[in-house]
Amino acid sequence: MLRHQLRNSIGHICSIRFLKYHSTISSENVLQNRRHKTRPFSATVLVRNARKGSKQSFSNDRHLHGGSVESSIEVFKQSDLQHLKSLQCYDIQEKVSGGKTDCPATILVFDIETTGFSRRGDRIIEFAVRDLMGGKNSTFQTLINPEREVKNAAVHGISTKMVCSSDIPRFGEFIPILLQYVWSRQVAGKPVMWVAHNGKTFDVPFLIFEFQRCKQEMPADWLFVDTLPIARQLVDSDGEKISSASMKTLVERYKIPVDGKAHRAMHDVTALCYVLQKLTFELKLTVPQLLEKSFRVSDITTTPPKK
DNA sequence: GGCCCTCTTTAGGGCCTT
C-alpha cells in the first residue's frame with residue numbers, strides 16, 4: 001500500500017490521506033509536457049489606475065492594496081488544530097520531509113464569492129486558493145472588482161464599496177496574478193488539480209466566463225474536481241445515501257471546528273481542505289482516483305456570456 | 001444550470017453554489 005500524504009499550511013499540521021495507489025491514469029496521461037519548477041510566488045503585475053491614470057504594482061506580498069491581496073491567512077484556532085491533529089492516523093511531517101512527495105498532482109483547493117448565482121449575469125468578487133502541499137505562500141486570496149453593484153453583501157459581507165475601487169484588481173488584471181501563483185506551485189511534469197465544492201456547475205463555469213470576457217484562455221493542463229458528487233456517495237448510519245451534501249452538512253458531519261465568517265472565500269477554502277481530507281479517507285479515494293473523476297474546461301458546455 | 005432521484009425516461013422536483 002502506498003499512501004499519498006499531503007500537508008497543507010493550516011498550522012502546518014493538517015494532513016490528507018489517500019489509500020491504495022493503483023493508478024490507471026498517470027501524470028503523463030493528463031498533463032502535456034511542461035518544464036515548470038516550483039518557484040517562489042512573487043507575481044508583479046502592472047495595473048492601470050483608472051481614476052488617476054497611473055500604474056500600480058500588484059504582488060502577493062501580504063496586505064497590499066488595503067488587504068485586497070493576502071497570503072497565509074489563518075482561519076482556525078490553534079486549539080482547534082490540536083483537536084484535528086488528534087483525529088489524524090499518522091504523522092504527516094515525516095512523510096513530506098524534504099519537501100517532496102510522490103503525489104501525482106498539485107492540488108489547489110479554491111473558492112469564489114460572486115455577486116449572485118448567474119454565471120452569465122453575475123461576477124466574481126473574491127477568489128481564494130490553498131495549495132494542499134502547504135509551505136510558504138501556499139494560500140492566496142484577493143478581492144476582485146466586478147465593476148458593478150454588489151447586491152448580495154448580506155450573504156458574504158463584501159460590499160460594493162469594498163470592491164468597486166480603483167485599487168482592487170478587475171478580473172482581467174487578476175488573471176496574470178493567478179497564473180503566476182499557479183506557476184509558482186506547479187510541480188514539473190504534474191498536472192494542477194483544482195478542487196471546489198459544486199465546482200462543476202458553479203465555480204468553474206464562473207471562471208470560464210470570466211476568462212472568456214477577458215479574452216483569455218485557461219491553461220489546458222488545468223483539471224478540476226467537484227467534491228459535491230463525491231460527497232453524495234456518503235451514507236448515513238442507516239446505510240442510506242445522505243440527503244444533503246452541502247458544505248454546511250459536511251462541516252457538521254466531520255465536526256470541523258470552523259472559525260471566522262462563512263461565505264468568505266478563504267474561510268470556505270480552509271473548511272473544504274478539511275472536508276476533502278475526511279471525505280477521501282472515508283471513501284478510500286486515492287489521488288489517482290480523484291484524477292480519474294476530474295474534468296477539463298472542454299467538458300463544460302458553455303455559450304458566450306452576455307455583455 | 002447541471003445533476004440526481006423517483007411517484008421517470010414524451011417529467012418534475014430538489015439540491016447546491018452566491
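A note on names: the letters A, B, ... follow the listed sequences, proteins ahead of strands, and every chain is numbered from 1.
Between B/dT9 and B/dC4, the distance separating the two C1' atoms is 14 Å to the nearest Å. For the C1' atom pair drawn from B/dG1 and B/dC7, the interatomic distance equals 24 Å after rounding to whole Å. Taking atom P in both B/dG12 and B/dT18, one finds a spacing of 29 Å when rounded to whole Å. B/dC3 and B/dT8: their P atoms are spaced 22 Å apart (whole Å).
Under the 3.5 Å distance criterion, the side-chain polar atoms of A/Asp122 are matched with a main-chain donor or acceptor of A/Ser118.
Taking the six-membered ring for Trp and thresholds of 30 and 60 degrees, A/Phe117 and A/Phe202 have ring planes more than 60 degrees apart, a perpendicular arrangement.
For the pair A/Phe110 CZ and B/dT18 P, the interatomic distance rounds to 11 Å; values are reported in whole Å. Atom-to-atom, CZ of A/Phe206 to P of B/dG2 comes out at 13 Å; the value is rounded to the nearest Å. One interatomic measurement links the two molecules: CZ of A/Arg120 to P of B/dT18, which rounds to 19 Å at whole-angstrom precision. One atom, CD1 of A/Ile125, and another, C1' of B/dT17, lie 14 Å apart when rounded to the nearest Å. A/Lys241 has its NZ atom 15 Å from the C1' atom of B/dG14, to the nearest Å. The CD1 atom of A/Ile300 sits 8 Å away from the P atom of B/dC3 (whole-angstrom rounding). Here the P atom of nucleotide B/dT18 and the CZ atom of A/Arg119 are 14 Å apart, to the nearest Å. We find that CZ of A/Phe295 is positioned 13 Å from P of B/dG2, with the value rounded to whole Å.
If A/Arg232 and A/Asn152 are placed on DNA chain B by their nearest nucleotide, the residue sitting closer to the 5' end is A/Arg232. A residue-by-residue look at A/Thr201 and A/Asn198 shows that A/Thr201 has its nearest nucleotide of DNA chain B further toward the 5' end.
When distances are taken from the side chain of A/Met247 to each of B/dT17, B/dC16, B/dG2, the shortest belongs to B/dT17. Residue A/Lys200 places its side chain closer to B/dC3 than to any other of B/dT17, B/dT18, B/dC3.
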Might you work through the salt bridge (charged side-chain N to carboxylate O under 4.0 Å, His left out) test for A/Glu252 and A/Lys248, ending with a clear yes or no? CA-CA 6 Å; A/Glu252 292 173 353; A/Lys248 181 175 183 294; 2.9 Å; yes
May I have the step-by-step check of salt bridge (charged side-chain N to carboxylate O under 4.0 Å, His left out) for A/Glu147 and A/Arg170, ending in yes or no? CA-CA 8 Å; A/Glu147 299 180 289; A/Arg170 295 181 288 262; 3.7 Å; yes
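Judged by the 6.0 Å and 45° rule, A/Lys200 forms no cation-pi pair with A/Phe224.
A/Ser244 comes within 4.0 angstrom of sugar-phosphate atoms only, judged by non-hydrogen atoms across all strands, and of no base. When heavy atoms are screened at a 4.0 angstrom cut-off, A/Ile112 is found touching the sugar-phosphate backbone but no base atom. Counting non-hydrogen atoms under 4.0 angstrom, A/Asp226 reaches nothing in the nucleic acid.
Per the stacking criterion (ring centres < 5.5 Å, plane angle < 30°), A/Phe117 stacks onto the base of B/dT17.
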